[in-house]
**Student:** 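Starting off with a structure, shown below.
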Amino acid sequence: MPSIESLMATSRTYMRDHKKYFQATVSRQDGSRTFQLPHPNISPAGLYVTAVSGTTVFEGQPNAAATDTVFGYQLDERNGLLRITAPITPGFQPDTYINVEGYYYTWVTDEDLVFFVENIVAEHQYHRPEFVLSSVGDVEADVIALGSAVEALWSQLIEFARDIDISTPEAISVPATQRYRQMEDLLFSPNGLASKYKSKAAMLNIGLDRAEMFRLRRVSRTTGRLVPIYKSREWDDAARPLRMFPPNPTNYPTTPPPDFVPARVVTGFAEPPEAWEPEEPTTGGVYGAGPYGAGLYGGMS
């Protein structure tokens with residue numbers, strides 16, 4: 001049974017963006033409350049934060065209220081910043097050290113990856129009212145995770161596009177754009193992740209590029225109404241025809257504009273009869289009397 005969390009884990013496996021452990025110790029200087037951690041893309045899950053003053057250890061909790069032994073902090077995952085929002089009640093001493101232990105990612109934070117996974121799930125759900133993530137098979141879940149990896153790496157490609165090559169008079173060259181070209185090959189080469197995702201999605205006929213089959217509705221030229229559609233039957237099936245009601249493909253407005261004046265009566269338009277009924281001709285013709293009586297198909301006079 002796939003979930004957002006399981007799709008994120010599979011997507012990170014495709015990107016090889018696994019957790020990496022780190023430790024950091026920062027001393028408080030001049031009463032500072034914001035600390036730069038050694039890595040960006042910090043994972044908030046399992047982050048352990050403590051403050052040590054002499055032999056006393058205080059525990060940090062995210063967005064917690066200050067007590068004698070607990071202080072609160074906020075984590076900027078993307079930039080790797082730790083901000084103390086509620087120091088302990090007596091206050092930290094000048095010789096206090098902040099210890100942080102946890103994990104970080106190389107490419108994408110959890111918050112960003114959730115965004116990419118939900119986007120791909122929405123694309124696979126488009127025009128599929130029966131789609132429920134919890135009932136998706138393992139094969140399609142693998143394709144969704146692969147598409148999420150493509151979206152995440154594509155966002156990294158946009159970030160790498162800002163790099164420029166550096167060349168100095170001392171013959172020092174830094175080809176910073178090489179990282180962009182490597183990521184581009186990883187995504188869009190014939191054997192890249194984007195091609196692999198499209199190939200798998202096409203084989204399962206899922207995603208935005210899937211082929212859909214519709215029933216074309218024909219409109220009668222004489223009545224202007226949709227021609228009814230009946231369920232197909234075998235040639236020797238003597239049962240009564242079964243009427244089908246597919247969605248109405250016409251999305252035209254059904255009410256006329258305010259300045260519209262019909263030349264003759266139109267069903268549904270509030271028009272007095274005397275405004276459109278023609279006078280009966282004295283001689284025969286279209287509205288004259290005929291073998292079928294007075295009406296549209298009159299006879300000769």
Side-chain angles (χ1 to χ4, degrees), residues 2 116-137 139-144 146-148 150-151 194 197-301:
F116 297 131
V117 171
E118 290 180 347
N119 274 355
I120 297 298
V121 170
E123 291 181 2
H124 283 244
Q125 191 179 14
Y126 185 68
H127 276 186
R128 294 173 64 186
E130 76 285 353
F131 183 94
V132 179
L133 181 59
S134 58
S135 62
V136 169
V139 179
E140 184 172 358
D142 178 75
V143 178
I144 294 176
L146 179 58
S148 304
V150 172
E151 290 289 319
Y197 167 71
K198 289 184 178 180
S199 176
K200 285 189 173 184
M203 286 188 289
L204 295 176
N205 196 31
I206 55 179
L208 291 181
D209 288 337
R210 69 180 180 273
E212 295 185 80
M213 185 174 63
F214 301 94
R215 285 185 173 271
L216 298 180
R217 302 295 304 275
R218 186 173 66 86
V219 179
S220 173
R221 294 186 177 182
T222 58
T223 64
R225 299 187 179 186
L226 293 171
V227 176
I229 296 178
Y230 298 93
K231 185 177 180 180
S232 302
R233 297 177 297 168
E234 295 290 343
W235 70 274
D236 57 346
D237 188 354
R240 294 178 61 87
L242 180 62
R243 177 78 178 274
M244 299 179 63
F245 296 91
N248 190 339
T250 57
N251 297 321
Y252 303 107
T254 57
T255 56
D259 57 347
F260 178 77
V261 179
R264 62 178 64 181
V265 65
V266 179
T267 303
F269 294 173
E271 192 75 18
E274 57 271 10
W276 54 266
E277 283 186 353
E279 296 181 359
E280 186 175 354
T282 55
T283 58
V286 176
Y287 286 92
Y292 301 101
L296 179 62
Y297 300 98
M300 299 293 293
S301 58

**Student:** I need the S232 OG to D237 CG distance, nearest 0.5 Å.
**Tutor:**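 So the OG of S232 and the CG of D237 are separated by 11.0 Å.
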**Student:** Could you pull out every donor-acceptor pair under 3.5 Å between side chains of residues 121-137 and any protein atom, sequence neighbours left out?
**Tutor:**
residue : atom : partner : partner atom : Å
H124    : ND1  : E140    : OE2          : 3.4
H124    : NE2  : Y197    : OH           : 3.1
R128    : NH1  : H124    : O            : 3.2
R128    : NH1  : E140    : OE2          : 2.9
S135    : OG   : V132    : O            : 2.9

**Student:** Kindly indicate whether the side chain of L226, heavy atoms from C-beta on, has any atom under 4.5 Å from the side chain of R218.
**Tutor:**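 Sidechains of R218 and L226: no contact.
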**Student:** Using 0.5 Å steps for rounding, measure from the CD atom of E151 to the CG atom of N119.
**Tutor:**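 Interatomic distance, E151 CD to N119 CG, rounded to 0.5 Å: 6.5 Å.
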**Student:** Check D142 against K200 and note the closest heavy-atom contact, atom names and distance.
**Tutor:**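 Looking at all heavy atoms of both residues, the closest pair is OD2-NZ, 3.0 Å.
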**Student:** Report, as yes or no, whether the 6.0 Å neighbourhood of atom CD on E234 holds more than 12 heavy atoms from other residues, nucleotides or ligands.
**Tutor:** no
**Student:** Got a second to check how far R240's CZ is from R233's CZ, nearest 0.5 Å?
**Tutor:** 10.0 Å
**Student:** Between R217 and I229, is any pair of side-chain heavy atoms under 4.5 Å apart?
**Tutor:**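 They are in side-chain contact.
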**Student:** Is the closest side-chain heavy-atom distance between V143 and I206 below 4.5 Å?
**Tutor:** yes
**Student:** May I ask you to decide if A202's main-chain N or O and D209's side chain share a donor-acceptor pair within less than 3.5 Å?
**Tutor:** no
**Student:** Does the side chain of P228 reach to within under 4.5 Å of the side chain of R243, using non-hydrogen atoms?
**Tutor:**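 They are in side-chain contact.
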